[in-house]
Asks: 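So that we are looking at the same thing, I have put the structure below in C-alpha cells.
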Amino acid sequence: MPNNNELNGTIVKALAGFYYVQPEIRQEQPIQCRARGIFKKRGESPLVGDRVVYSLTDNGEGTVEQILPRSSELIRPPVANIELAVLVFSVTEPELNFQLLDKFLVHIEHAGLDTVICLSKSDLASAEGKEGESAREALRRVRAVYEPLGYEVFETSSRLSEGCDPLQQRLNHRLSVFAGQSGVGKSSLLNALVPGLTLETNAISNRLGRGKHTTRHVELIETGIGGFVADTPGFSQLDFEELGIEDLSYCFREMRELSPSCKFRGCTHDHEPGCAVLDALEAGEVDAGRHAHYLAFMEEMKEKKRRY
Ligand SMILES: Nc1nc2c(ncn2[C@@H]2O[C@H](COP(=O)(O)OP(=O)(O)OP(=O)(O)O)[C@@H](O)[C@H]2O)c(=O)[nH]1
Ligand SMILES: [Mg+2]
Ligand SMILES: [Zn+2]
C-alpha cells in the first residue's frame with residue numbers, strides 16, 4: 001500500500017546532524033530532518049544535493065527515509081548530483097596555489113564532472129607592488145596553461161561586481177558547487193551573484209595569509225534561472241582516497257591525450273623511453289609545472305600505500 005506520508009525533496013543543507021529537505025512542491029520552507037539509523041549502519045550518509053524520500057513526524061520535522069540514486073558524488077566538498085564544479089581560486093590573497101588547482105582538477109576529472117576555473121578578486125590584479133604583480137602573473141599563467149587544455153576560465157571581482165554575469169549564465173539550469181580554499185571569496189561571490197543574499201564572509205588572516213574557515217556547512221543557494229550552487233567550507237587538504245595510481249595520468253587531460261602514443265602500455269610518463277609525454281615536455285608542449293605536480297601526486301599516492 002503506498003504510504004501517503006512519503007514525500008520527495010532535495011537536501012539543501014546539512015548541519016549538526018540535521019538535513020534540511022526542500023520539498024519538491026515549491027514555495028515551502030525546507031523541513032528539518034533526521035536520517036534513519038539504517039544509513040549509518042550501512043556506512044552511507046545523505047549529502048547536500050541528494051534527492052530523497054522523506055516522511056513527516058508529528059512535531060513538524062521529518063525523517064530521511066531513502067536516498068535516490070546519485071548521478072555524481074564528491075567526497076570533498078561533500079555534495080551529490082553536482083553537474084558543474086566551479087573551482088574558485090583568488091588571483092592573490094591567498095596566493096594562487098597551482099598544486100592545489102591541479103589536485104582539484106584530478107578529482108573533478110575522476111568524478112567526471114564538467115568544470116570551470118573561476119579566478120576571483122581580479123580587482124587585486126590592478127594593484128601596485130608585489131601583490132598586484134603576483135596576481136597578474138597568476139592570471140597570465142592560468143590563461144596560458146589551462147585554457148589550451150580546454151578549461152573554461154572566468155575572472156570575477158565581487159568587490160567591483162565585475163565578471164559576474166558570464167559566470168551567472170553558466171550556472172543557470174544546473175546544480176553547481178563552489179569549491180576552493182578558505183578565504184578565496186566563494187561566499188562573497190555568491191552574495192554578489194544573488195541580490196539580497198547575505199552569506200557570512202570574513203577577512204583573511206593577515207598573519208597566516210589564509211582564510212578563517214568562515215563557512216562551516218554545505219548549503220544550496222538558488223542563483224538564477226533554475227540554477228543552484230552549493231557554497232562549501234574552504235579546505236586546502238585533499239587526498240586521493242578513492243583514486244588509484246593507475247587512474248592518475250588519465251586525470252591530466254594532456255597525458256590522457258598523449259599516452260596512446262607512448263611506446264609502452266602503462267607508461268608512467270616518468271622515465272620510460274619513447275614516452276610521448278616526456279617528449280612533449282621536452283618540446284615545451286606539456287607544462288613543466290603540471291608534470292611536476294603529476295609526479296608529486298604519484299609519490300604521495302605511493303607513500304600512502306606504503307603506510308597502509
Ligand atoms: N579585493 C577583493 N576581496 C574580496 C573579493 N571577494 C572576496 N573578498 C574578500 O575575501 C575575504 C574572504 O571572502 P569569503 O567570501 O569569506 O571567502 P570564502 O571563500 O567563502 O571563505 P570560507 O568560507 O572560509 O571558505 C573577505 O574579506 C572578502 O571581503 C573580491 O572580489 N575582491
Ligand atoms: Mg565562505
Ligand atoms: Zn609516457
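As the structure is a prediction and not an experimental result, all values here were calculated from the model. Both counts, for ligands and for their atoms, begin at 1 and track the order of listing.
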Asks: More than 12 foreign heavy atoms under 6.0 Å from CZ of Arg42: is that the case here?
Replies: yes

Asks: Pick from Glu219, Gln29, Gln32, Lys13: which one makes a side-chain hydrogen bond (donor to acceptor under 3.5 Å, both in side chains) with Tyr20?
Replies: Gln32

Asks: Under a 4.5 Å cut-off applied to non-hydrogen side-chain atoms, are Pro94 and Val184 in contact?
Replies: yes

Asks: How wide is the angle at the Zn ion (ligand 3) between SG of Cys262 and SG of Cys267, to the nearest 10°?
Replies: 120°

Asks: Between Glu272 and Lys263, is there a salt bridge with N-O shorter than 4.0 Å?
Replies: no

Asks: So with a 6.0 Å cut-off around CG of Asn206, is the heavy-atom count from everything else above 12?
Replies: no

Asks: Between Glu93 and Arg210, does any side-chain N to carboxylate O distance fall below 4.0 Å?
Replies: no

Asks: Do you know how many protein N, O or S atoms are within a distance smaller than 2.8 Å of the Mg ion (ligand 2)?
Replies: 2

Asks: Which residue is it: Lys121, Lys186, Gln181? I am looking for the one with a side-chain contact (heavy atoms from CB on, under 4.5 Å) to Val88.
Replies: Lys186

Asks: If you consider just the N/O/S atoms, which atom of His269 is the closest one to the Zn ion (ligand 3)?
Replies: ND1

Asks: For the residue pair Phe297 and Phe252, does the interplanar ring angle fall in the parallel (under 30°), tilted (30 to 60°) or perpendicular (over 60°) class?
Replies: tilted

Asks: Does ligand 1 have any N/O pairs with the protein under 3.5 Å, and how far apart?
Replies:
residue: ligand 1; atom: 1 (N); partner: Asp123; partner atom: OD2; Å: 2.9
residue: ligand 1; atom: 1 (N); partner: Arg159; partner atom: NH1; Å: 3.2
residue: ligand 1; atom: 3 (N); partner: Arg159; partner atom: NH2; Å: 3.4
residue: ligand 1; atom: 10 (O); partner: Lys121; partner atom: NZ; Å: 2.9
residue: ligand 1; atom: 13 (O); partner: Ser188; partner atom: OG; Å: 3.4
residue: ligand 1; atom: 15 (O); partner: Ser188; partner atom: N; Å: 2.8
residue: ligand 1; atom: 15 (O); partner: Ser188; partner atom: OG; Å: 2.6
residue: ligand 1; atom: 16 (O); partner: Asn202; partner atom: N; Å: 3.2
residue: ligand 1; atom: 17 (O); partner: Gly185; partner atom: N; Å: 3.1
residue: ligand 1; atom: 19 (O); partner: Val184; partner atom: N; Å: 3.4
residue: ligand 1; atom: 19 (O); partner: Gly185; partner atom: N; Å: 2.9
residue: ligand 1; atom: 19 (O); partner: Lys186; partner atom: N; Å: 2.8
residue: ligand 1; atom: 19 (O); partner: Lys186; partner atom: NZ; Å: 2.8
residue: ligand 1; atom: 20 (O); partner: Ser187; partner atom: N; Å: 3.0
residue: ligand 1; atom: 20 (O); partner: Ser187; partner atom: OG; Å: 3.0
residue: ligand 1; atom: 21 (O); partner: Gly183; partner atom: N; Å: 2.9
residue: ligand 1; atom: 23 (O); partner: Thr215; partner atom: N; Å: 2.9
residue: ligand 1; atom: 23 (O); partner: Thr215; partner atom: OG1; Å: 2.8
residue: ligand 1; atom: 24 (O); partner: Ser182; partner atom: OG; Å: 2.6
residue: ligand 1; atom: 24 (O); partner: His213; partner atom: N; Å: 3.3
residue: ligand 1; atom: 24 (O); partner: Thr214; partner atom: N; Å: 2.8
residue: ligand 1; atom: 25 (O); partner: Lys186; partner atom: NZ; Å: 2.8
residue: ligand 1; atom: 25 (O); partner: Gly234; partner atom: N; Å: 2.8
residue: ligand 1; atom: 27 (O); partner: Asn202; partner atom: O; Å: 3.4
residue: ligand 1; atom: 27 (O); partner: Ala203; partner atom: N; Å: 3.4
residue: ligand 1; atom: 31 (O); partner: Asp123; partner atom: OD1; Å: 3.4
residue: ligand 1; atom: 31 (O); partner: Ser158; partner atom: N; Å: 2.7
residue: ligand 1; atom: 31 (O); partner: Arg159; partner atom: N; Å: 3.2
residue: ligand 1; atom: 32 (N); partner: Asp123; partner atom: OD1; Å: 2.7
residue: ligand 1; atom: 32 (N); partner: Asp123; partner atom: OD2; Å: 3.4

Asks: Measure the spacing between OG1 of Thr215 and CG of Leu190 and express it to the nearest 0.5 Å.
Replies: 9.0 Å

Asks: Run the salt-bridge test on Arg70 and Glu73 with the 4.0 Å N-O cut-off and return the result as yes or no.
Replies: yes

